[in-house]
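Numbers here are sequence positions counted from 1.
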Amino acid sequence: EVLEAQGKLPEALKSFHEGLAITERLARSDPANADWQRGLAVSNAHLADVYRRSDDRDKALAALRQGQSVMKKVVKLSPNNAGWEKDLGWFNEQIESLTK
């Protein structure tokens, strides 16, 4: 996040991709672990932010849709978690803002 804040978008993108690889392995190792699944969604959100700042709308949308898909599963794992419902709503809003 520091690299992104400094405007070093290629470096931030590399770092976020490395983080995504880690969260993907964790999420695959325990699909019922809602925290790890949410971590996967958050990793996709970070990528989407960098893609958006880099004016790559298509990749931003792809990352957001991936995160949205994961959050839908997380909400099903724990349907009474208002925070995760809020996270899913965030993905929905971000996708809508890019598809208008």
S.K.: Checking Leu9 now: which residues fulfil side chain to side chain contact (heavy atoms under 4.5 Å, CB included) with it, not counting sequence neighbours?
M.R.: Glu4, Val50, Arg53, Ser54

S.K.: Is any side-chain heavy atom of Val75 closer than 4.5 Å to a side-chain heavy atom of Asn81?
M.R.: no

S.K.: Any side-chain heavy atom of Thr99 within less than 4.5 Å of one from Leu61?
M.R.: yes

S.K.: What distance separates Leu13 CG from Leu20 CG, expressed to the nearest 0.5 Å?
M.R.: 10.5 Å

S.K.: Rounded to the nearest 0.5 Å, how far does CG of Asp49 lie from CG of Asn44?
M.R.: 11.0 Å

S.K.: Taking side chain to side chain contact (heavy atoms under 4.5 Å, CB included) as the test, write out the residues that go with Glu96, two or more places apart.
M.R.: Lys100

S.K.: Who pairs with Lys14 by side chain to side chain donor-acceptor pair (under 3.5 Å), at least two apart in sequence or on another chain?
M.R.: Glu18

S.K.: What about Ile95 and Tyr51, same hydrophobic cluster or not, with Ile/Leu/Val/Met/Phe/Trp/Tyr joined at side-chain heavy-atom distances under 4.5 Å?
M.R.: yes

S.K.: Is it the case that atom CD in Glu11 sees more than 12 heavy atoms from other parts of the structure closer than 6.0 Å?
M.R.: yes

S.K.: Please list all pairs meeting ring-ring contact (aromatic ring centres under 6.0 Å, His included) that have one or both residues in residues 52-100, counting only residues at least two apart or in different chains.
M.R.: none

S.K.: Might you point out which heavy atoms bring Ala32 and Leu77 nearest each other, and give the distance in Å?
M.R.: O-CD1, 4.0 Å

S.K.: Does anything in residues 54-81 form a ring-ring contact (aromatic ring centres under 6.0 Å, His included)? List the pairs, not counting sequence neighbours.
M.R.: none

S.K.: So which pairs with a foot in residues 4-27 pass ring-ring contact (aromatic ring centres under 6.0 Å, His included), sequence neighbours left out?
M.R.: Phe16-His46

S.K.: Can you pull the side chain to side chain donor-acceptor pair (under 3.5 Å) pairs that have at least one residue in residues 26-43, sequence neighbours excluded?
M.R.: Thr23-Ser43, Arg38-Asp87

S.K.: How close do Leu40 and Ala27 get, heavy atom to heavy atom, and via which atoms?
M.R.: CD2-CB, 3.8 Å

S.K.: Side-chain heavy atoms under 4.5 Å apart, restricted to Ile/Leu/Val/Met/Phe/Trp/Tyr: what other residues fall into the cluster of Val42, or is it alone?
M.R.: none

S.K.: Who pairs with Gln94 by side chain to side chain donor-acceptor pair (under 3.5 Å), at least two apart in sequence or on another chain?
M.R.: Arg52

S.K.: Under the side chain to side chain contact (heavy atoms under 4.5 Å, CB included) test, which residues partner Glu93, sequence neighbours left out?
M.R.: none

S.K.: At their closest point, which heavy atom of Ser15 faces which heavy atom of Leu3, and how far apart are they?
M.R.: CB-CD1, 4.3 Å

S.K.: Applying side chain to side chain donor-acceptor pair (under 3.5 Å) as the test, list every pair that has at least one member in residues 60-80; sequence neighbours left out.
M.R.: Gln68-Asn92

